[in-house]
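The structure under discussion appears below in the form of structure tokens.
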Amino acid sequence: MLLEGIVRIRAVVSLVVVGVVCAVLYAGRGAASQVAQADISGTWVAKAQGPMGAMEIVFKLMVKDGKITGSQGLPFGESPIVDGAVTGDTFHFTVALESFGDIRNKEVTGKIVGDTLVLTPAMPGPPPGMGAGLGTGPGGPPPGDEPGAGAGSGPGGGRRFQIGEVTARRGTPTPSYRAPSVDYASLPKVELPALKDVPSNGLAKTPPMGWNSWNKFRTHIDDKTVRGIADAMVSSGMKDAGYKYVIIDDGWQGSRDANGVLAPNPNFPDMKALAAYVHAKGLYLGTYSSPGPRTCGGFEGSYGHEEQDAQMYASWGVDYLKYDWCSASRVWKDGDMQAAYQKMGAALQAATKTTGRPIVYALCQYGRAKVETWGPQVGANLWRTTGDIRDRYDSMAKIGFAQTELAAYAGPGHWNDPDMLEIGNGGMTPDEYRTHFSLWAMIAAPLLSGNDLRSLTPEIREILLNKEVIAVDQDSLGKGGSKMAEDGDIVIWKKPLASGDVAVAMFNRGTVAAKATVGWNLLNLKRKAPAVRDLWAHSDLGRFEDLYSTTVPPHGVVMLRVSGK
Ligand code: GLA
């Protein structure tokens with residue numbers, strides 16, 4: 001009896017439990033089917049507080065039969081959503097991100113919570129060869145907004161750049177001058193020319209020197225700032241030291257009219273007047289575009305308007321064009337690069353014919369497709385050899401020391417460009433900035449300062465205006481320097497100079513001071529006991545029989561001119 005009673009009670013309890021579970025399951029299914037019917041089509045805006053401060057991420061979603069398409073917009077460009085679905089109160093989609101010429105698909109999963117979407121945005125990977133956490137995709141955030149920026153720069157310094165979970169709400173994105181989304185699937189094809197050598201434009205016999213807006217200002221650039229920089233370039237003595245090009249990078253563009261004519265955005269009310277202002281100071285003006293429909297920052301590119309844009313730049317008085325691959329990787333393959341760059345190279349030269357305005361042509365495709373082997377053939381005067389530099393020793397050193405391989409491709413009229421200078425932006429020590437400047441001079445790299453020249457400190461001014469180091473960079477022989485010896489943290493480079501002298505840079509890549517020795521047997525000098533001059537101390541050190549030995553500070557450099565005759 002007792003046993004029977006217990007069994008019966010258990011059965012009743014079980015029935016009740018099953019009933020409750022069923023009710024819960026049923027309620028759950030009801031809620032899920034309701035959410036599945038909820039349409040998440042529309043524009044969703046998330047404000048991310050974190051590594052980038054007040055950053056806005058915009059999701060433009062279209063849902064049809066449960067499938068999601070649309071785009072994800074970051075402050076540095078918009079990426080198509082290539083696949084996705086909503087299931088109940090969860091969703092997932094794939095974002096096709098562009099990162100230094102690679103298209104990488106990244107999965108995003110999220111939840112519908114009330115009238116919000118909770119998700120972790122897809123972020124582009126770090127620049128090639130820079131390892132995780134050392135950068136963002138092209139068009140990355142301003143240096144001051146980046147985690148770890150300004151916080152010193154020892155190896156491994158700087159935290160990973162990423163955004164965690166965000167909450168997106170229906171809304172209108174903050175207006176900007178960025179161009180509207182592109183439907184890459186239905187984009188009309190631009191025919192590329194058959195390969196043919198574009199003759200040399202005869203410019204840039206020595207590596208171009210000047211200033212570029214990107215490293216400091218990103219897309220927050222305007223006419224007033226550019227004029228101020230031109231003024232400062234003269235008053236600081238930089239112009240006299242050889243800095244001539246004032247280059248406006250991404251963010252100047254507005255929209256095209258019905259005839260395809262591109263207007264600058266209201267931050268640049270009159271480009272012709274700006275060019276005239278810069279020219280009146282004995283300086284040159286540079287600008288920026290992309291062979292793709294969009295620049296890396298999401299502004300209007302030159303795709304399908306190459307000739308028209310080239311003519312317009314020349315008519316404004318533009319003397320330099322940086323042409324950045326960016327969204328072209330959504331349209332073409334690396335194998336098409338040469339033809340795409342040739343198209344603009346030829347267009348610039350045609351524009352010079354009609355206007356008389358010579359234009360330096362700077363390629364920026366991050367060193368892909370062995371650009372150093374065909375750059376001169378598309379009429380280029382310089383080509384980027386890497387992803388984007390960051391204002392940190394590890395980034396700068398990784399880029400700079402890798403350039404030794406490319407030395408043979410540098411020469412008068414055509415230069416390897418390891419990216420603009422970060423000197424003065426605050427993320428490296430003075431010794432590290434001296435290494436940066438010395439290394440770029442040894443490479444025979446373009447010397448494009450990337451800081452705010454209106455507020456130069458004496459220490460930074462002394463680095464950027466070191467005429468003896470500049471003379472090594474600008475030497476008329478135009479030879480790229482290269483590594484001649486390496487011993488532990490000490491790396492020694494040499495660069496032959498037109499006078500028969502040899503520039504020698506002894507770098508210490510370590511974090512403690514170290515002794516460095518250079519033997520003359522490695523320099524092919526004609527003379528015995530050459531005279532040695534220290535280009536940072538600005539002093540003659542005397543004659544040395546077989547070698548010169550010194551102590552190099554951590555992350556620092558000792559740069560010498562060794563007399564050859
Ligand atoms: C890329 C380039 C940078 C800069 C930005 C502009 O990242 O490599 O030098 O021009 O685009 O968006």
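In each ligand, atom 1 is the first atom listed, and ligand 1 is the first ligand listed.
For the pair R218 and ligand 1, no heavy-atom separation below 4.0 Å is found. The shortest separation from a heavy atom of F299 to ligand 1 is not under 4.0 Å, leaving the residue out of contact. At least one heavy atom of D388 sits under 4.0 Å from some atom of ligand 1.
When each of R390, K398, R384 is checked for a salt bridge (charged side-chain N to carboxylate O under 4.0 Å, His left out) with D419, only R384 meets the rule. Checking each of Y288, W383, Y341 against Y323 for a ring-ring contact (aromatic ring centres under 6.0 Å, His included) leaves exactly one that passes, namely Y341.
For residues 262-275, no pair satisfies side chain to side chain donor-acceptor pair (under 3.5 Å), with sequence neighbours left out.
Residue C326 does not touch ligand 1, judged by heavy-atom distances below 4.0 Å. The proximity of T219 to ligand 1, defined as any non-hydrogen pair under 4.0 Å, does not occur for either the backbone or the side chain.
Those atoms of ligand 1 with a heavy atom of R384 less than 4.0 angstrom away are 8 (O), 9 (O). Taking a cut-off of under 4.0 Å to the non-hydrogen atoms of K322, the atoms of ligand 1 that pass are 3 (C), 4 (C), 9 (O), 10 (O). The distance from ligand 1 to the heavy atoms of Y366 drops below 4.0 Å at these ligand atoms: 8 (O). Taking every heavy atom of G297 and a limit of under 4.0 angstrom, the matching atoms of ligand 1 come to 12 (O).
A donor-acceptor pair shorter than 3.5 Å cannot be found between the side chains of W493 and T404. Checked by atom type, the side-chain pair S79/Q72 shows no donor-acceptor distance below 3.5 Å. Side-chain atoms of N381 and N201 form a donor-acceptor pair, as typed in the model, at a separation below 3.5 Å.
Applying the salt bridge (Lys or Arg N to Asp or Glu O under 4.0 Å) criterion to E56, with sequence neighbours excluded, gives K47.
Annotation: D249 places an N or O atom under 3.5 Å from an N or O atom of ligand 1; distance criterion only. An N or O contact shorter than 3.5 Å links D250 to ligand 1 by distance. For ligand 1, none of its N or O atoms has an N or O atom of D419 under 3.5 Å away.
Checked against the 6.0 Å centroid threshold, Y303 and W332 count as a close aromatic pair.
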